[in-house]
Number of protein chains: 4
Amino acid sequence: MRKKRDAEGTKSRVLKSAEKLFARKGFNGTSIADISKDSGISDGLILYHFKSKDKLYQEVIERVAARYMQVFEGFRENNLPPAEMMKESLREVFGFWRTDSTYNRISLWAYLERREATAVNEARLTAGLAAYLASLQESGHFPREIDPVVFLSTIIGPIHFWFRYKTRFAEILKLTEKDGALDDHFLKQFTLMLTSFFRDPNGPKKAV
Amino acid sequence: MRKKRDAEGTKSRVLKSAEKLFARKGFNGTSIADISKDSGISDGLILYHFKSKDKLYQEVIERVAARYMQVFEGFRENNLPPAEMMKESLREVFGFWRTDSTYNRISLWAYLERREATAVNEARLTAGLAAYLASLQESGHFPREIDPVVFLSTIIGPIHFWFRYKTRFAEILKLTEKDGALDDHFLKQFTLMLTSFFRDPNGPKKAV
Amino acid sequence: MRKKRDAEGTKSRVLKSAEKLFARKGFNGTSIADISKDSGISDGLILYHFKSKDKLYQEVIERVAARYMQVFEGFRENNLPPAEMMKESLREVFGFWRTDSTYNRISLWAYLERREATAVNEARLTAGLAAYLASLQESGHFPREIDPVVFLSTIIGPIHFWFRYKTRFAEILKLTEKDGALDDHFLKQFTLMLTSFFRDPNGPKKAV
Amino acid sequence: MRKKRDAEGTKSRVLKSAEKLFARKGFNGTSIADISKDSGISDGLILYHFKSKDKLYQEVIERVAARYMQVFEGFRENNLPPAEMMKESLREVFGFWRTDSTYNRISLWAYLERREATAVNEARLTAGLAAYLASLQESGHFPREIDPVVFLSTIIGPIHFWFRYKTRFAEILKLTEKDGALDDHFLKQFTLMLTSFFRDPNGPKKAV
DNA sequence: TATGAATGAGGGTTCATTCAT
DNA sequence: GATGAATGAACCCTCATTCAT
């Protein structure tokens with residue numbers, strides 16, 4: 001059939017299909033034949049370009065992880081006051097999860113299948129943010145008695161959780177707002193809870 | 001070898017092996033032959049008792065889910081003051097995750113594979129707790145402006161998160177306490193953060 | 001189709017086909033599918049019984065080698081005078097090669113494909129015979145100036161050679177005797193040449 | 001990379017690699033990709049020059065066979081006395097096998113795979129020598145009662161045999177001379193045995 | 001000539017499932 | 001209830017070959 005020679009085009013079509021299918025069914029649940037069918041690229045050619053299914057998966061994970069990391073670039077550069085920056089970050093991270101549902105699933109599969117790439121990235125990222133919070137503690141913008149890692153778990157954990165269970169919640173609690181509105185509601189509430197922990201070192205102590 | 005006809009014994013041995021292996025490698029990563037090898041029960045007999053690999057998996061998930069639900073039975077029965085009960089609940093949930101690492105993984109696999117059993121259970125449980133919190137809002141023990149579902153996400157999400165990333169954190173942050181101590185530290189800090197949201201409707205406003 | 005449960009029967013049918021095909025086309029030239037077609041046993045079942053193509057090949061080689069070794073058992077036991085025994089041995093070895101053309105080919109494939117089993121057997125056998133010749137040298141029945149290994153090469157080498165080239169010779173030299181007669185002629189001539197090396201230590205020196 | 005259009009250079013590089021690899025692993029054990037990797041010539045170009053893997057193999061065999069034949073040209077030309085000439089031939093043939101270990105293997109593969117080229121050459125050569133021996137029988141320089149073909153088998157067979165098994169022998173018999181010395185020893189002994197068959201028609205009968 | 005993208009058949013092997021025993 | 005022989009489909013991967021560039 002297609003004998004056009006377009007290596008890059010082929011690779012990107014394969015990666016796109018592979019990402020979709022790996023996200024949906026995981027590594028073991030996705031066969032090269034599935035990817036071949038979805039992308040229209042023959043089995044042989046997929047292996048020709050990516051050497052092995054394993055390496056293809058790796059490449060998918062890395063692509064996805066890179067996308068995730070991009071969200072956090074430039075965070076440190078801006079000079080917003082901490083509470084504002086926290087709000088901003090939350091909005092960005094939340095927005096990413098909301099848009100790129102693929103990342104969530106790929107990252108979970110990778111975790112379960114013990115592929116390190118994403119887990120390492122994520123932990124490193126969290127650790128980086130933790131260091132930043134520690135510096136805020138130094139300057140008195142963030143309460144010293146709260147462990148930054150614990151605090152960050154309290155930020156990111158609920159977001160993971162929300163996207164994992166929100167449709168179930170909507171069903172069970174018979175929430176009638178449509179999906180987008182639910183997300184907005186969650187984000188607003190959640191932001192409110194978290195920003196209460198930040199304070200102006202010179203101003204009065206904020207209470208919950 | 002084992003020719004003793006002991007249906008129940010056989011089934012429970014299979015379930016035990018299957019749970020272990022499914023937790024470790026997921027449905028697609030575990031073969032009947034693996035389970036047979038681990039349990040000492042022949043392939044044929046496994047299928048004889050469970051009809052198919054899929055039904056066996058389903059049974060494993062349900063068993064695991066039932067174990068999880070048990071933890072929360074009798075919560076409503078006690079009459080502790082809300083903040084105390086929250087602490088108590090946290091300790092129990094956390095303790096469960098800590099002990100039963102199998103649950104965590106099986107539940108995640110099931111989520112990704114869109115098997116409903118655990119996800120439904122978990123959401124139902126969260127919804128139940130949400131209803132309870134709403135009643136506390138009625139009685140003025142819990143701030144009305146916080147959405148109970150959001151609040152619960154903030155409780156359970158970080159616990160999930162913690163058990164998913166803690167070893168990575170320990171590596172990256174070069175935490176030297178041993179595993180148990182880390183868990184204790186997290187729980188204490190986390191409890192501190194969360195209980196600050198509860199207040200005595202008659203007493204003074206609590207600050208962080 | 002065939003669902004009779006007859007493990008031994010199945011294995012021996014596979015081994016028979018495998019031996020035939022490996023002899024004809026070697027390890028790399030024979031596919032499991034070929035063996036399956038020839039034996040009527042499904043691919044899956046062949047691997048079920050033999051674990052891997054490699055192990056199947058190994059088993060074929062060992063079976064064939066065992067057959068070869070049997071020819072030489074009991075050689076040392078008889079008490080014929082050396083020259084007689086040499087004749088006897090030659091007849092047996094030659095007879096084996098003549099009958100069991102499979103051995104020849106399997107052994108050659110194994111040599112080229114660097115499977116050690118047969119080569120080791122054969123070399124060990126030759127070495128054993130060399131030791132025997134050395135003892136004849138001690139007792140004066142075999143000339144001391146001839147190296148036993150060299151001598152044995154002179155026995156077995158030509159037999160290998162004959163069976164490798166005889167049909168070609170017959171063509172080129174337009175030998176009209178039929179195959180069996182050619183073999184007989186070769187054996188007779190060859191025996192004559194070789195026995196001339198043995199002598200009665202007490203009798204007159206034999207000349208060619 | 002190499003874009004210089006140099007048909008002959010390309011072909012000879014391919015042939016060199018192909019010969020090496022075919023000798024080592026045989027036709028079925030060597031892929032075009034292997035040859036491509038070893039020679040640095042792209043898959044496509046190899047097929048372009050040689051039409052098919054099979055034809056390439058054929059060409060390799062023929063090249064190798066031609067090299068073998070060269071060794072024996074000019075044998076008949078010299079006028080050495082028969083026994084001397086026999087010694088001389090032995091030394092040459094032996095030397096060829098010793099140096100060109102590739103020939104040995106390629107010729108064996110070709111034999112097993114029923115590719116005629118080498119086998120025909122070799123048999124034709126032996127037949128030619130046989131005719132020469134027959135002429136010596138006429139002139140009384142070689143015993144009439146010995147069949148020339150049988151005699152030649154006795155010359156060439158052991159040489160084949162020796163190069164096939166010598167490393168094994170060295171291992172099993174714990175021969176400590178190094179390889180070259182073993183070869184020399186074999187050749188000397190072997191020459192001794194064989195020349196004993198030649199005699200001076202006018203002189204006394206030689207005994208072993 | 002020269003490259004390497006593209007194909008499709010076939011390679012060995014695993015696997016869920018069936019069924020004779 | 002219990003075993004393991006038997007099957008056939010699917011799996012990942014390799015390969016000779018073709019052909020656009």
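Chain letters run A, B, ... following the sequence lines, proteins first and then strands; every chain starts at 1. Source: prediction; values computed, not measured.
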Problem - Pair C:Lys25 + D:Glu113, salt bridge at N-O below 4.0 Å - result: no
Handout entry: Lys/Arg N to Asp/Glu carboxylate O, A:Arg115 vs A:Asp54, below 4.0 Å
Key = yes
Exercise for the section: If E:dT13 has a Watson-Crick or G-U wobble mate with both distances under 3.5 Å, name it; if not, just say none. Expected result: F:dA10
Exercise for the section: Look through every strand shown and name the nucleotide pairing with F:dT21 as Watson-Crick or G-U wobble, where both distances are under 3.5 Å. Expected result: E:dA2
Out of [options], which has the shortest distance to the side chain of [X]?
{"X": "B:Ser42", "options": "F:dT3, E:dT17, F:dG1", "answer": "F:dT3"}
{"X": "A:Ile32", "options": "F:dC13, F:dC15, E:dT1", "answer": "F:dC13"}
{"X": "C:Lys53", "options": "F:dA5, E:dT1, E:dT13", "answer": "E:dT13"}
{"X": "C:Leu47", "options": "F:dC13, E:dT7, E:dT14", "answer": "E:dT14"}
{"X": "C:Asp6", "options": "F:dC13, E:dA2, F:dA6", "answer": "F:dA6"}

How long is the line joining [atom1] of [X] and [atom2] of [N], in whole Å?
{"X": "B:Asp54", "N": "E:dC15", "atom1": "CG", "atom2": "P", "answer": "16 Å"}
{"X": "A:Lys37", "N": "E:dG8", "atom1": "NZ", "atom2": "C1'", "answer": "15 Å"}
{"X": "A:Arg13", "N": "E:dA5", "atom1": "CZ", "atom2": "P", "answer": "16 Å"}
{"X": "D:Leu56", "N": "F:dC15", "atom1": "CG", "atom2": "P", "answer": "15 Å"}
{"X": "C:Phe50", "N": "F:dA5", "atom1": "CZ", "atom2": "C1'", "answer": "13 Å"}
{"X": "B:Asp43", "N": "F:dA6", "atom1": "CG", "atom2": "P", "answer": "15 Å"}
{"X": "C:Lys55", "N": "E:dG12", "atom1": "NZ", "atom2": "P", "answer": "15 Å"}
{"X": "B:Leu45", "N": "E:dA16", "atom1": "CG", "atom2": "P", "answer": "16 Å"}

So, is [X] near the phosphate of [N], with a side-chain N or O under 4.0 Å from OP1 or OP2?
{"X": "C:His49", "N": "F:dG4", "value": "no"}
{"X": "D:Ser31", "N": "F:dT14", "value": "no"}
{"X": "B:Thr10", "N": "F:dA2", "value": "yes"}
{"X": "B:Tyr48", "N": "F:dA2", "value": "no"}

Practice task
Assess the side chains of B:Arg164 and A:Ser107: does a donor N or O sit below 3.5 Å from an acceptor N or O?
Solution key: yes
Handout entry: Donor on one side chain, acceptor on other, B:Ser31 and B:Asp34, under 3.5 Å
Key = yes
Exercise for the section: Take the angle between the ring planes of D:Phe27 and D:Tyr57 and call it parallel below 30°, perpendicular above 60°, tilted in between. Expected result: tilted
Handout entry: 5'-most by nearest nucleotide on DNA chain E - A:Ile46 or D:Glu8
Key = D:Glu8
Problem - Given DNA chain E, 5'-ward residue of the pair A:Ala7 and B:Asn28, judged by closest heavy atom - result: A:Ala7
Exercise for the section: Mind checking C:Thr30 for me? I need base, sugar-phosphate or nothing, with any heavy atom below 4.0 Å counting as a touch. Expected result: sugar-phosphate
Exercise for the section: Measure the spacing between CD1 of A:Ile41 and CD1 of A:Ile46 and express it to the nearest 0.5 Å. Expected result: 7.0 Å
Handout entry: Toward the 5' end of DNA chain F, by each residue's nearest nucleotide, B:Gly44 or A:Ala33
Key = B:Gly44
